[in-house]
S.K.: 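Mind looking over this structure? Questions follow.
In what follows, residues are counted from 1 in the order of the sequence shown.
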Amino acid sequence: MFIPISNTTISYLEGFSFEEVGCLHSSKSKVLSSHFSSDGKILASAGHEKKVFIWNMETFDCATTAEAHSLLITDVRFRTGSTIFATSSFDRSVRLWDAARPTRSLLKLDGHAEQVMSLDFHPRKVDLLCSSDSDDVIRLWNVKKGACMHVTKGGSKQVRFQPDLGKLLATATGNDIKIVDVEADRILCNLNGHVKDVISICWDGSGKYIASVSEDSARIWSSDGKCIHELQSTGNKFQSCIFHPAYQNLLVIGGYQFLELWSPTEGNKTWAVAAHKGLIAGLAESPHGELIASASHDCCVKLWK
């Protein structure tokens, strides 16, 4: 069920506003992740309920995968230019699905020995999928062949390919972020500075900058490994982050109940927006319409614009 909301608009940058525009009541359990298709027409969300909720962003009709993982889903990501998406799970598997025909999974990829924490499709080599598990193991899969092509170490919490090019892969493990040259299979740099474990990472749309959050701080890095901005939490534990799709110098941070908007180029200002009744575990940006989706432990996914 889609519930439109009318809230006071938050306005602080010229021509910018940020307000809740809807709430997708999608689950009876905690929602951990969501992702938009590259055309912005579909939103997939998943978490503790073990199946995926698929939303048509034009009609707000919802479908669910009839088949499910045996344990909670940690991450969901669409393949570029496609209705195909992948999920990672505590059940140690990766599955591929088609949002247009979500009855059963298209493919199950086994090989991880521990809980699969994150995954991402290469933006250009669309058959290449990366996944990481809680034992710090990263696997590169060829989904067309249904086979693992390469295994390496260095990522547990999250993996994200550089937008558009996909030459670089950002990985988070412990309190470090690594930038990996995928083709050369070598670590270009380690991003050190977080005191606590890094929970979430994201690239900006240009692929030049990376944001990272731990419970107590958020940082923005250049792709050559330099920390160029830092924000300390004032008490709300940070959990997720995404760059605003239209204002690339604005980082949206999910914490407990609140979204925090951080503009490091505007005097390092922050604005807190009451958003959920629980922890905001995942954020996603739509390439069209300037939409942001927030997935929360309160069992809801909300839309912001």
S.K.: Within the structure provided, determine whether F243 and Q248 are in side-chain contact (heavy-atom separation under 4.5 Å).
M.R.: yes

S.K.: Considering only NZ, NE, NH1 and NH2 on the basic side and carboxylate oxygens on the acidic side, decide whether D75 and R160 come within less than 4.0 Å.
M.R.: yes

S.K.: Parallel, tilted or perpendicular for W97 and F85, by the 30°/60° rule?
M.R.: parallel

S.K.: Should F53 and F60 be counted in the same cluster of Ile, Leu, Val, Met, Phe, Trp and Tyr side chains packed under 4.5 Å apart?
M.R.: yes

S.K.: Please determine whether a side-chain nitrogen of the Lys or Arg among K50 and E67 lies less than 4.0 Å from a carboxylate oxygen of the Asp or Glu.
M.R.: no

S.K.: If we ignore angles and hydrogens, is there a donor and acceptor under 3.5 Å between the side chains of T173 and D136?
M.R.: yes

S.K.: Would D176 and N192 count as having a side-chain donor-acceptor pair, cut-off 3.5 Å?
M.R.: yes

S.K.: Could you tell me whether K305 and E20 make a salt bridge, using a distance below 4.0 angstrom between a side-chain N and a carboxylate O?
M.R.: no

S.K.: In terms of side-chain geometry, is the basic nitrogen of R77 or D120 positioned less than 4.0 Å from the acidic oxygen of its partner?
M.R.: yes

S.K.: What about L107 and L119, same hydrophobic cluster or not, with Ile/Leu/Val/Met/Phe/Trp/Tyr joined at side-chain heavy-atom distances under 4.5 Å?
M.R.: yes

S.K.: Between the side chains of K157 and D197, is the shortest nitrogen-to-carboxylate-oxygen separation below 4.0 Å, so that they form an ion pair?
M.R.: no

S.K.: Walk me through it: do I187 and I179 pass the test side-chain contact (heavy atoms from CB on, under 4.5 Å)?
M.R.: CA-CA 6 Å; I187 297 172; I179 306 299; over 6 Å; no

S.K.: If we count only N and O atoms by modelled type, under 3.5 Å, do the side chains of H112 and S93 hold a donor and an acceptor together?
M.R.: no

S.K.: Can D127 and R79 be counted as an ion pair, charged N to O under 4.0 angstrom?
M.R.: yes

S.K.: How many angstroms lie between CH2 in W221 and CD in E230, if you round to the nearest 0.5 Å?
M.R.: 8.0 Å

S.K.: Using only heavy-atom distances, determine whether the side chains of N268 and H229 contain a donor-acceptor pair under 3.5 Å.
M.R.: no

